[in-house]
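A, B, ... follow the sequence lines: proteins, then strands. Residue 1 opens every chain.
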2 protein chains.
Amino acid sequence: MIKFKNNEYQCSMELTIALIGGKWKALILWHLGDKTLRYSEMRKVIPNVTPKMLTQQLRELEDSGLVKRLIYTQIPPKVEYSLTKAGQSLLPILDTMCKWGQNYANEYEHNMQELKLAKEE
Amino acid sequence: MIKFKNNEYQCSMELTIALIGGKWKALILWHLGDKTLRYSEMRKVIPNVTPKMLTQQLRELEDSGLVKRLIYTQIPPKVEYSLTKAGQSLLPILDTMCKWGQNYANEYEHNMQELKLAKEE
DNA sequence: CAGAATCCCTGCCGATACTG
DNA sequence: CAGTATCGGCAGGGATTCTG
């Protein structure tokens, strides 16, 4: 059991899910990678996200210490996002998840066929 | 871009998230590991889950080909759940996520302190 | 024992318009 | 450019009761 910020988790994986789960967070982290992206650039690489959701998710990632936000006080405004060390430490996991999904999709038909045959025995 | 079951994903990681995301799925998979668990046993190891949610999530995992469901036609009923090969192939990821969460929680204070100092420069 | 059925509600997420 | 503000849908999740 693990406590963190007023929440209790049975397993530390629940914490991981709470931190990078949801529809956008993992995708944002993955697109950042070791690059630095401006807000408008993020909107281009993740075209489906609305400004509200993007801002909200970025703020939560910042609060978790996974993303850094660098503000240039100038006009027009400029803000750059990048991963912190903690954020970078997630990249191997995200990479593996990405590859797993790819492989899963490729083998889906084949696997389901096998399961079906096993069931009919 | 990747299409799967009437859904489109920008990245195969989105597919992975769709398959094992949500509040319970990863936890269910993790607890199964290489064991076989009965329905009632699963309720014990994941005490917070309601029967409705547990059944629903197990069915979705079964439809995805990640979990096997073995029914013993007897009275009283007995149903055993276990991971398929595809499900087992997720275990390394789940394991890494678990360790990452643990490590994140341990180093949180320290990391946040560092970020704060960096900001004040 | 292993669930199905029913009712209900929160909060995630989206669309659109507006602003320093 | 980098966001807020406002409104609102709806699906994910929950509590409780019932059944083969």
- Query: When we call it a touch if two heavy atoms are under 4.0 Å apart, what does B:Arg43 touch: a base, just sugar-phosphate, or nothing?
  - Reply: nothing
- Distance from B:Asn48 atom CG to B:Met53 atom CE, nearest 0.5 Å? 12.5 Å
- Message: Between P on C:dA15 and CG on A:Leu54, what's the gap in Å once rounded to a whole number?
- Response: 14 Å
- Query: B:Tyr81 side chain N/O closer than 4.0 Å to the phosphate oxygens (OP1, OP2) of C:dG3?
  - Reply: yes
- Would you say a side-chain N or O of B:Arg59 is under 4.0 Å from OP1 or OP2 of C:dA2? no
- Query: Counting side-chain heavy atoms from CB outward, which of C:dG14, C:dG3, D:dG14 is closest to A:Thr50?
  - Reply: C:dG14
- Item | Criterion side chain to side chain donor-acceptor pair (under 3.5 Å) against A:Tyr72, the qualifying member of A:Arg38, A:Lys78, A:Glu80 | A:Glu80
- Query: Where the side chain of A:Lys78 is defined as all heavy atoms beyond and including C-beta, which of D:dA2, C:dG3, C:dC13 is the nearest nucleotide?
  - Reply: D:dA2
- Between B:Arg69 and A:Gln56, the residue closer to the 5' end of DNA chain C by nearest nucleotide is B:Arg69
- Spacing of A:Tyr39 atom OH and A:Thr55 atom OG1 [to the nearest 0.5 Å]: 3.0 Å
- Salt bridge check: are B:Arg59 and B:Asp63 linked by an N-O gap of less than 4.0 Å? no
- Query: Rounded to the nearest Å, what distance is computed from the CD atom of residue B:Gln74 to the P atom of nucleotide C:dG3?
  - Reply: 13 Å
- Message: Just the rounded figure in Å: distance from P of D:dT6 to CE of A:Met53.
- Response: 18 Å
- Query: Looking at the side chain of A:Pro51, which of C:dC13, D:dT4, C:dA2 is the nearest nucleotide?
  - Reply: D:dT4
- For the atom pair CD (A:Gln56) and CG (A:Leu61), what is the distance rounded to the nearest 0.5 Å? 11.0 Å
- With the side chain of B:Pro77 defined as its heavy atoms from C-beta on, choose the nearest nucleotide among C:dC1, C:dT6, D:dG3. C:dC1
- Task: Rounded to the nearest angstrom, tell me the gap between atom CE in B:Met42 and atom C1' in C:dG3.
- Result: 14 Å
- Interatomic distance, A:Glu62 CD vs D:dA2 P [rounded to whole Å]: 15 Å
- Query: Quick one: A:Tyr72 OH to D:dG3 C1', roughly how many Å, whole number?
  - Reply: 18 Å
- Within the pair A:Ser40 and D:dA2, is there a side-chain N or O less than 4.0 Å away from OP1 or OP2? yes
- Identify which nucleotide among C:dT6, C:dG14, C:dC1 has an atom closest to any side-chain atom of B:Pro76, counting heavy atoms from C-beta outward. C:dC1
- Rounding to a whole Å, what distance do you find between B:Ile46:CD1 and D:dG13:P? 13 Å
- Message: Is there a side-chain contact between B:Lys52 and the phosphate of C:dT6, meaning an N or O under 4.0 Å from OP1 or OP2?
- Response: no
- Query: Of the nucleotides C:dA4, D:dC1, D:dG3, which one has an atom closest to the side chain of B:Thr55?
  - Reply: C:dA4
- Under 4.0 Å between a side-chain N or O of B:Arg38 and OP1 or OP2 of C:dA2? yes
- Task: Mind calculating the distance between CD (B:Glu41) and P (C:dA2) to the nearest angstrom?
- Result: 8 Å
- Query: Looking only at heavy atoms, what is the nearest atom pair of A:Met13 and B:Ala26, with distance?
  - Reply: CE-O, 3.5 Å
